[in-house]
Trainee: 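Starting off with a structure, shown below.
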Amino acid sequence: MKGKGIVVGVTGGIAAYKAAELVRLLVREEAVVRVAMTANAARFVAPLTFEALSGNRILCDMWGPEAGAMDHISLGQEADLVIVAPATANFIGKMANGIGDDFLSTMLLAATAPVLVCPAMNVKMYGNPVVQKNLEVLKDRGVTVMEPGEGQLACRSEGKGRLPDPPEIVEEAQRLLSPRDLQGMRILVTAGPTVEPLDPVRYITNRSSGKMGYAVARAAWRRGASVVLVSGPTCIAPPRGVDFKPVRTAFEMRDTVFALAPRTHVIVKAAAVADYRPKSTADQKIKKGPRALTLDLEKNPDILAELGKTDTFSGILVGFAAETEELLGNAEAKLKAKNLDMIVANDVSRKDAGFETDTNAVKILFREGRMEETPLLGKDQVADLLLDRIKVLWEDRGERRRGD
């Protein structure tokens, strides 16, 4: 979102206080944020709050000294995206019926940028047929409308009507600002560790946090792909828009992946599958005794190698190599032995890359022998770069199919 111009329209509902966090998150993503408020919104949150957070003057009054003569025309045309959050029932009615009686509503009449509307109101208001009809009118005009959240509302009633959480709004904004260049592709991503039980309270696992795989799934969804995320246990919430398949053991992951593989164009195996599992699992907790405990292990299935050999999957196969030594040599051997199209190698002994970090520095090896190296980047950036390379591989394969 770096450098993208985003207008946040704040209307007069109690959820206006959450718009401050939305602006903060957008600024953190390096967007250029302008805030336009209705007069009633300024009753809930002082304009100075948004000015401090955005670093730009706030537009409230069509005739005020802060508004330029043509700001109501130019702002929504020069922006890359307009977000109305919260959008009250009253303001949704204005938008649907073409009413422009203040700065924000007039700006939206002239806006040519994509518009994202985030409703927030009492559950009965939201369910009112008039409000629902107005939302349908907006959708038919190409406006993106987020579903409100459910739970306890400010009026102490329960139901649908809460403003979506600001991180979810940012995620939707990122989707709207992303190229839709992966539409039509079905991508399966595996992520996280697997856990192999020893008894009801203990298991064998590894340090994988799942951050890289989740970043790939999230980026693929933003870019229009149909995404399935098969994940071992992590502390990360499933990304919006993906089909989430939680698993625990290597065998559960294998069964899930192979069930989905025939309907998949691309498989990205970012999960750190445990290489071994206990040979036997105790039904009850193993008690600590005076002697040392010897643990017998047996090999888990190599899901990536099986995918590289199977006839049921003929798409693009991408693996990851988490290494602590001989990074390129080990990755190249894995690429060839498992019949991969591409492998992403990273040195997990580094403190700023690999497991449990928000950054990564990878080497990408391709089947034909080419290698590409990235600097230290955020994992979201690495994810988009990997998808760029996967898209080229998929297009090249399509050209070869047409050539045959």
Trainee: Mind checking the CG-CZ spacing from Leu176 to Arg222? Nearest 0.5 Å is all I need.
Mentor: 11.0 Å

Trainee: Working to the nearest 0.5 Å, report the span between CD1 of Ile99 and CZ of Phe91.
Mentor: 10.5 Å

Trainee: Between Phe320 and Lys269, is there a side-chain heavy-atom distance shorter than 4.5 Å?
Mentor: no

Trainee: Say you draw a straight line from CD of Glu368 to CG of Asp396; how long is it, rounded to the nearest 0.5 Å?
Mentor: 8.5 Å

Trainee: Measure the spacing between CG of Asp181 and CG of Asp388 and express it to the nearest 0.5 Å.
Mentor: 7.0 Å

Trainee: Do NZ/NE/NH1/NH2 and the carboxylate oxygens of Lys279 and Glu298 come within less than 4.0 Å?
Mentor: no

Trainee: Any Lys/Arg nitrogen of Lys139 or Glu136 sitting under 4.0 Å from an Asp/Glu carboxylate oxygen of the other?
Mentor: yes

Trainee: Is there a side-chain contact between Leu177 and Met1 in this structure, where contact means two heavy atoms from C-beta onward sitting under 4.5 Å apart?
Mentor: yes

Trainee: Quick check: do Pro233 and Arg248 have side-chain heavy atoms less than 4.5 Å from each other?
Mentor: yes

Trainee: Does one side chain, of Glu51 or Thr49, offer a donor that lies under 3.5 Å from an acceptor on the other?
Mentor: no

Trainee: Are Ile364 and Arg370 side-chain neighbours, meaning at least one heavy-atom pair lies under 4.5 Å?
Mentor: no

Trainee: So how far is it from Leu104 CG to Cys60 SG, rounded to the nearest 0.5 Å?
Mentor: 10.0 Å

Trainee: Should we count CZ of Phe244 as having more than 12 external heavy atoms under 6.0 Å?
Mentor: yes

Trainee: When you check the gap from the basic side-chain N to the acidic O, do Glu21 and Lys18 get nearer than 4.0 Å?
Mentor: no

Trainee: Between Glu372 and Arg389, does any side-chain N to carboxylate O distance fall below 4.0 Å?
Mentor: yes

Trainee: Salt bridge or not between Asp358 and Lys379? Use side-chain N to carboxylate O under 4.0 Å.
Mentor: no

Trainee: Determine, step by step, whether Thr38 and Asn40 satisfy the side chain to side chain donor-acceptor pair (under 3.5 Å) criterion, reporting the C-alpha distance in whole Å, the side-chain angles of both residues, the deciding distance to 0.1 Å, and the verdict.
Mentor: CA-CA 5 Å; Thr38 65; Asn40 285 333; 5.6 Å; no

Trainee: Assess whether a salt bridge exists between Lys4 and Glu30, defined as any Lys/Arg side-chain N lying under 4.0 Å from an Asp/Glu carboxylate O.
Mentor: no

Trainee: Evaluate the criterion side chain to side chain donor-acceptor pair (under 3.5 Å) for residue pair Thr194 and Glu196; output intermediate values, then yes/no.
Mentor: CA-CA 7 Å; Thr194 62; Glu196 311 299 333; 3.0 Å; yes

Trainee: Answer yes or no: are there more than 12 heavy-atom neighbours, outside Met125 itself, under 6.0 Å from its atom CE?
Mentor: no

Trainee: Please give me the minimum heavy-atom distance between Gly232 and Met253, naming the atom from each residue.
Mentor: N-CE, 3.9 Å

Trainee: List the steps, then state whether side chain to side chain donor-acceptor pair (under 3.5 Å) holds for Arg34 with Asn56.
Mentor: CA-CA 6 Å; Arg34 300 293 305 275; Asn56 287 308; 4.7 Å; no

Trainee: Taking C-beta and beyond as the side chain, do Ile390 and Asp341 meet within less than 4.5 Å on heavy atoms?
Mentor: no

Trainee: More than 12 heavy atoms of other residues, nucleotides or ligands under 6.0 Å from CZ of Phe313: is that the case?
Mentor: yes

Trainee: Check this for me: does any side-chain nitrogen of one of Lys94 and Asp101 sit under 4.0 Å from a carboxylate oxygen of the other?
Mentor: yes

Trainee: About how many Å separate CG of Leu108 and OG1 of Thr106, when rounded to the nearest 0.5 Å?
Mentor: 9.0 Å

Trainee: In terms of heavy-atom contacts, does CZ of Arg202 have more than 12 from other residues, nucleotides or ligands at under 6.0 Å?
Mentor: yes

Trainee: Is any NZ, NE, NH1 or NH2 atom of the basic residue among Arg162 and Glu150 found under 4.0 Å from an Asp or Glu carboxylate oxygen of the other?
Mentor: no

Trainee: With a 4.5 Å cut-off on side-chain heavy atoms, are Leu387 and Arg223 touching?
Mentor: yes

Trainee: Asn346 and side chain to side chain contact (heavy atoms under 4.5 Å, CB included): which single residue from Asn360, Thr357, Val382 fits?
Mentor: Asn360

Trainee: Does the ring of Phe258 carry Arg254 above it, NZ/CZ under 6.0 angstrom from centre and within 45° of its axis?
Mentor: yes

Trainee: Distance only, no hydrogens: is a donor on one side chain within 3.5 Å (strictly under) of an acceptor on the other, for Thr88 and Asn90?
Mentor: no

Trainee: Would you mind checking if Lys391 and Glu395 are paired as a salt bridge, meaning a charged N to carboxylate O distance below 4.0 Å?
Mentor: yes

